[in-house]
**Student:** 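Dumping the structure here so I can ask a few things about it.
Starting from 1, each residue takes its place in the sequence as its number.
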Amino acid sequence: MSISNVEKVKNIYDSLADTWDSKSKLIKQIRGGESNRSLILLNSLIKPDMKSADLGAGTGRATRNILKNSQEVQISAVDLSPKMLAILRKLVANEYPDDDRFITKVGDVETIVLPDSGNFDLVVMLYLLHHVENAKETLLHASIMIKDNGRSYTENPDCFISRA
């Protein structure tokens, strides 16, 4: 039995989780300015009492930024990698002890169903689409999670976008 692409991606990110924030070449590039601009734009979308989802959350740069910028926000962080989400939970516990404004859920962003699906004010997908098998299906699935008049914020590095 061959391993699926989803399982391959999960295994890769599980193996990288412990050193992702400190050693990842892409993260260092992103922290050089591109990611900071993304977080500034993201901040402009954060409203009090909103429900949000961070799809492909990894170690939670966007999740933690959203938590930092609103005391009332609720967020669901989704990732294929249990190890990435374990690091996210640890970081949030250190930064926001006894905070219950967020949940993590392991799953494939193309198919996952969250308790608040259809009721999210904001769905965030930072640096995610180049990892999925079908970006169109992922975007369609994400759109179903958003409530009427809700928003999505999606960003992908240029280096991964096919120009064909």
**Student:** Starting at CD1 of I40, measure out to CG of N43 and round the result to the nearest 0.5 Å.
**Tutor:** 7.5 Å
**Student:** Would you say V124 and I75 are hydrophobically clustered, going by side-chain heavy atoms of ILVMFWY under 4.5 Å?
**Tutor:** yes
**Student:** With rounding to the nearest 0.5 Å, note down the distance linking CG in N119 to CD in Q74.
**Tutor:** 11.0 Å
**Student:** What are the two closest non-hydrogen atoms of S70 and P48, and how far apart are they?
**Tutor:** OG-CA, 3.7 Å
**Student:** Name the atoms and distances for all side-chain donor-acceptor pairs under 3.5 Å in residues 141-150, with sequence neighbours left out.
**Tutor:**
| from | atom 1 | to | atom 2 | distance (Å) |
| --- | --- | --- | --- | --- |
| H141 | NE2 | I112 | O | 2.5 |
| S143 | OG | L140 | O | 2.6 |
| K147 | NZ | D121 | OD1 | 2.8 |

**Student:** Are V123 and I103 grouped together when hydrophobic residues (ILVMFWY) are joined by side-chain heavy atoms under 4.5 angstrom apart?
**Tutor:** no
**Student:** Please enumerate all residues that pass side chain to side chain contact (heavy atoms under 4.5 Å, CB included) together with R101, with sequence neighbours excluded.
**Tutor:** L67, V73, Y96, D99
**Student:** Identify, with sequence neighbours excluded, every residue that meets ring pair (Phe, Tyr, Trp, His ring centres under 6.0 Å) alongside Y13.
**Tutor:** W20, H131
**Student:** Is S152 close to F120 at the side-chain level, that is, under 4.5 Å between some pair of heavy atoms?
**Tutor:** no
**Student:** Do the side chains of I66 and L126 join up, straight or via other hydrophobic residues, at under 4.5 Å, putting them in one cluster?
**Tutor:** yes
**Student:** With hydrophobic residues grouped by side-chain heavy-atom distances under 4.5 Å, do F102 and L55 end up in a single group?
**Tutor:** no
**Student:** Quick one: list whatever passes side chain to side chain contact (heavy atoms under 4.5 Å, CB included) with L45, sequence neighbours left out.
**Tutor:** L122, R151, Y153
**Student:** For the hydrophobic clusters of this structure (ILVMFWY residues joined by side-chain heavy atoms under 4.5 Å, transitively), does one cluster hold both L114 and V109?
**Tutor:** yes
**Student:** Can you pull the salt bridge (Lys or Arg N to Asp or Glu O under 4.0 Å) pairs that have at least one residue in residues 69-78, sequence neighbours excluded?
**Tutor:** none
**Student:** Tell me which pairs pass side-chain hydrogen bond (donor to acceptor under 3.5 Å, both in side chains) where either residue lies in residues 45-57, with sequence neighbours left out.
**Tutor:** K51-D116, D54-T63
**Student:** Going by side chain to side chain contact (heavy atoms under 4.5 Å, CB included), name the residues that satisfy it together with E133, two or more places apart in sequence or in a different chain.
**Tutor:** N5, V6, E110
**Student:** Using distance only, find each side-chain donor-acceptor pair of residues 80-92 under 3.5 Å and give its atom names and separation, not counting sequence neighbours.
**Tutor:**
| from | atom 1 | to | atom 2 | distance (Å) |
| --- | --- | --- | --- | --- |
| S81 | OG | D14 | OD1 | 2.4 |
| S81 | OG | K83 | N | 3.4 |
| S81 | OG | M84 | N | 3.0 |
| R89 | NH1 | T104 | OG1 | 2.7 |

**Student:** Nearest 0.5 Å, please: how far is CG in N65 from CG in L39?
**Tutor:** 4.5 Å
**Student:** Any chance you could measure N134, atom CG, to T138, atom OG1, to the nearest 0.5 Å?
**Tutor:** 6.0 Å
**Student:** Distance check, rounded to the nearest 0.5 Å: D108 atom CG versus D79 atom CG?
**Tutor:** 10.5 Å
**Student:** For L139, give me all partners under side chain to side chain contact (heavy atoms under 4.5 Å, CB included), at least two apart in sequence or on another chain.
**Tutor:** M125, L129, T154
